[in-house]
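Each ligand, and each atom within it, is numbered from 1 in the order the structure gives.
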Amino acid sequence: QTGPGNPYRVVLLGASGVGKTAFASIFAGAADSMDSDDCELFGDEVCEKTVEVDGEPATITLLDTWDAEVRWNTQCNMQTGDAYLLLYSITDRPSFLRASELRITLRQFRPVHHTPIILVGNKCDLVRRREVSVSEGRACAAVFDCKFIETSAAMQHNVWEAFHGIVRQLRLRRDSK
Ligand code: GDP
């Protein structure tokens, strides 16, 4: 059971520029919050709030990895998260490759537990700059045994669906224990 004392720790991972800050801002915004309070901030990259998913409250602590290239930071986040949103930009193929690398690194840190991960193809509003197709994203998620969603933080499209999806996966894992 999550609550203010025992939140789900969800980590945003991905190359620089893919939209992690944009995701965190949407999460931190008042929209979709159960209470009218803004997000509680614990420093720049951590934010906690309670949202309702399928009629049940879920408290999420969101960690935004401010620089995934800083190795100790990445390792630290890979050890502390309960679940991961693995972001790339559909307009940036190197960020897609980076997501694969991060997935492999995650597996090294989390070999045993089935940690919920969603592969997130962000910036799907930029249709004319697309470099990674939907089917490539889906195929990659299948290989990695994780869920897949395309989002647009700019259009606020599917961002909450991604957060809700991760909560559903965390609950499934909890219920199967
Ligand atoms: P971060 O480095 O992963 O934190 O990426 P940011 O959130 O700072 O985003 C990098 C740039 O991409 C910023 O200029 C954002 O406004 C822009 N951006 C983020 N998400 C989207 C999106 O879904 N669509 C578009 N068009 N731009 C986006």
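Rounded to the nearest 0.5 angstrom, Gln156 CD and Ile26 CD1 are separated by 4.0 Å.
Using cut-offs of 30° and 60° on the angle between ring planes, the pair Phe148 and Tyr88 is parallel.
Tested against Leu86 for a side chain to side chain contact (heavy atoms under 4.5 Å, CB included), the candidates Ile118, Leu119, Val11, Val18 yield a single pass: Leu119.
Remark: the backbone N or O of Gly29 is paired with a side-chain donor or acceptor of Lys49 at under 3.5 angstrom.
The side chain to side chain donor-acceptor pair (under 3.5 Å) check on Arg93 picks up Glu136, with sequence neighbours excluded.
Side-chain atoms of Asn122 and Ser89 include no donor-acceptor pair closer than 3.5 Å.
The immediate protein surroundings of ligand 1, defined as residues with any heavy atom under 4.0 Å of it, consist of Ala15, Ser16, Gly17, Val18, Gly19, Lys20, Thr21, Ala22, Asn122, Lys123, Asp125, Leu126, Ser152, Ala153, Ala154.
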